[in-house]
There are 2 protein chains.
Amino acid sequence: MSEELMTIRQMCDAFSVTPRTLRFYEARELIFPERRGQHRLYDRRDRARLTLILRGKRFGFSLEEIRQLLELYEPGGANHAQIAATIDVARQRLDDMERQYAELGEAIVDLKAQISEAENRLTTETKDKLTG
Amino acid sequence: MSEELMTIRQMCDAFSVTPRTLRFYEARELIFPERRGQHRLYDRRDRARLTLILRGKRFGFSLEEIRQLLELYEPGGANHAQIAATIDVARQRLDDMERQYAELGEAIVDLKAQISEAENRLTTETKDKLTG
DNA sequence: GTCTTACTTTACGTTCGCGTCAACTTTACC
DNA sequence: GGTAAAGTTGACGCGAACGTAAAGTAAGAC
């Protein structure tokens, strides 16, 4: 267990996904588990990538966008031009994320206000009944 | 023009959506334009709702979730129990949004670090070529 | 050895959020 | 009143991200 390999079931339990999902991500070339015979085995690297995949999904990125971003987290392999291209992609995503961050902050403030306003309506309505 | 009514085309141009999209939102009961004869006419309220719809979509909410949230922004009509239920939904959404906000902040820091690291790899590679 | 259990591939099905015709009706303009 | 522009209602199509059933394999338990 020098590499802390996990079976597909252990992965599913750990990350709350289904086997279908993991195989789907593999088909889309987002993760590359080893094969011991026919079975898949996931190592630390696969788990790190899956964490990033699930995070990306929560932010509304498509699997293809996530795949491109993951290249940025890979140490070697790509050539100069590829790295540069990936950086460009990443910078655009970063812009999107920062815009989304700001907007989300506003929306939170907004929603909070709406909630307390609605709460006031409730208590006021109650008071009306009591004093009416 | 006391209510600043807009045709579907004007709406599409103003919000960068297609007529199909607006009719789809109407079918899902997210907006309720008036009818002048057969044609739809959108007022200030419809535009406000559409703004919230598009914002919600950017945050990854489904149209059904958005529909529920929109009830919160509606002044009258609902009864006590309905308002209370809507507030519950809203609070859960708010939790999600705040979690997402925090996580997005981390992801931004993370991605920035990855980008500058990748940039360093580029410049280092260049230096290697120059000094090699 | 066979039974169970975990895993595999293949492949068709499903939901969401619209796109894209097709066929009609209005409305605007001359 | 004819015609073009804008709008209308179906209805089917489509890509993304899986769900799900079918059928096969491989390894350990007894």
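Note on naming: letters A, B, ... go to the chains in the order of the sequence lines (proteins, then strands), and numbering restarts at 1 for each one.
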Practice problem: Could you state the atom-to-atom distance from OH of B:Y42 to C1' of D:dT8 in whole Å? | Solution: 11 Å

Practice problem: Quick one: closest heavy-atom pair of B:R121 and A:L72, and the distance? | Solution: NH2-O, 3.3 Å

Practice problem: Classify the nucleic acid contact of A:R36 as base, sugar-phosphate or nothing, counting any heavy atom under 4.0 Å across all strands shown. | Solution: nothing

Quiz item: Under 4.5 Å between any side-chain heavy atoms of A:Q10 and A:D13, yes or no?
Solution: no

Quiz item: To the nearest Å, how far apart are A:F24 CZ and D:dG15 P?
Solution: 13 Å

Practice problem: Mind checking the CG-CG spacing from B:L30 to B:L50? Nearest 0.5 Å is all I need. | Solution: 9.5 Å

Quiz item: In whole angstrom, what separates A:I8's CD1 from C:dA6's P?
Solution: 13 Å

Exercise. Can you establish whether the number of heavy atoms outside B:R35 located under 6.0 Å from its atom CZ is more than 12?
Key: yes

Quiz item: Do any side-chain nitrogens or oxygens of B:R40 fall under 4.0 Å of OP1 or OP2 in D:dT9?
Solution: yes

Self-check item: Whole-Å distance separating the CZ atom of A:R23 from the C1' atom of D:dT20
Solution: 12 Å

Practice problem: Would you kindly compare A:R20 and A:S62 by the position of their nearest DNA chain D nucleotide and give the one closer to the 5′ end? | Solution: A:S62

Practice problem: Measure the distance from CD on B:Q38 to P on D:dT8 and round it to the nearest whole Å. | Solution: 8 Å

Exercise. Nearest whole angstrom, please: distance from the C1' of C:dT26 to the CZ of B:R9.
Key: 17 Å

Exercise. Grab the OH-C1' distance between A:Y25 and D:dA16 for me, whole Å please.
Key: 11 Å

Quiz item: Counting only side-chain N and O atoms of B:R35, is one of them less than 4.0 Å from OP1 or OP2 of D:dT9?
Solution: yes

Quiz prompt | Given DNA chain C, 5'-ward residue of the pair B:G37 and B:E64, judged by closest heavy atom | solution = B:E64

Quiz item: How long is the span from the CD atom in B:E106 to the CG atom in B:L111, to the nearest 0.5 Å?
Solution: 13.5 Å

Self-check item: Any B:T18 side-chain N or O less than 4.0 Å from OP1/OP2 of C:dG19
Solution: yes

Practice problem: Ignoring backbone atoms, establish whether A:K57 has a side-chain N or O less than 4.0 Å from OP1 or OP2 of D:dC18. | Solution: yes

Quiz item: So, is A:T21 close to the D:dG19 phosphate, meaning a side-chain N or O under 4.0 Å from OP1 or OP2?
Solution: yes

Practice problem: Return the value, rounded to whole Å, for the distance between atom CE of A:M11 and atom P of C:dA6. | Solution: 18 Å

Self-check item: Phosphate contact (D:dA6 OP1 or OP2) by B:T7 side-chain N/O below 4.0 Å
Solution: no

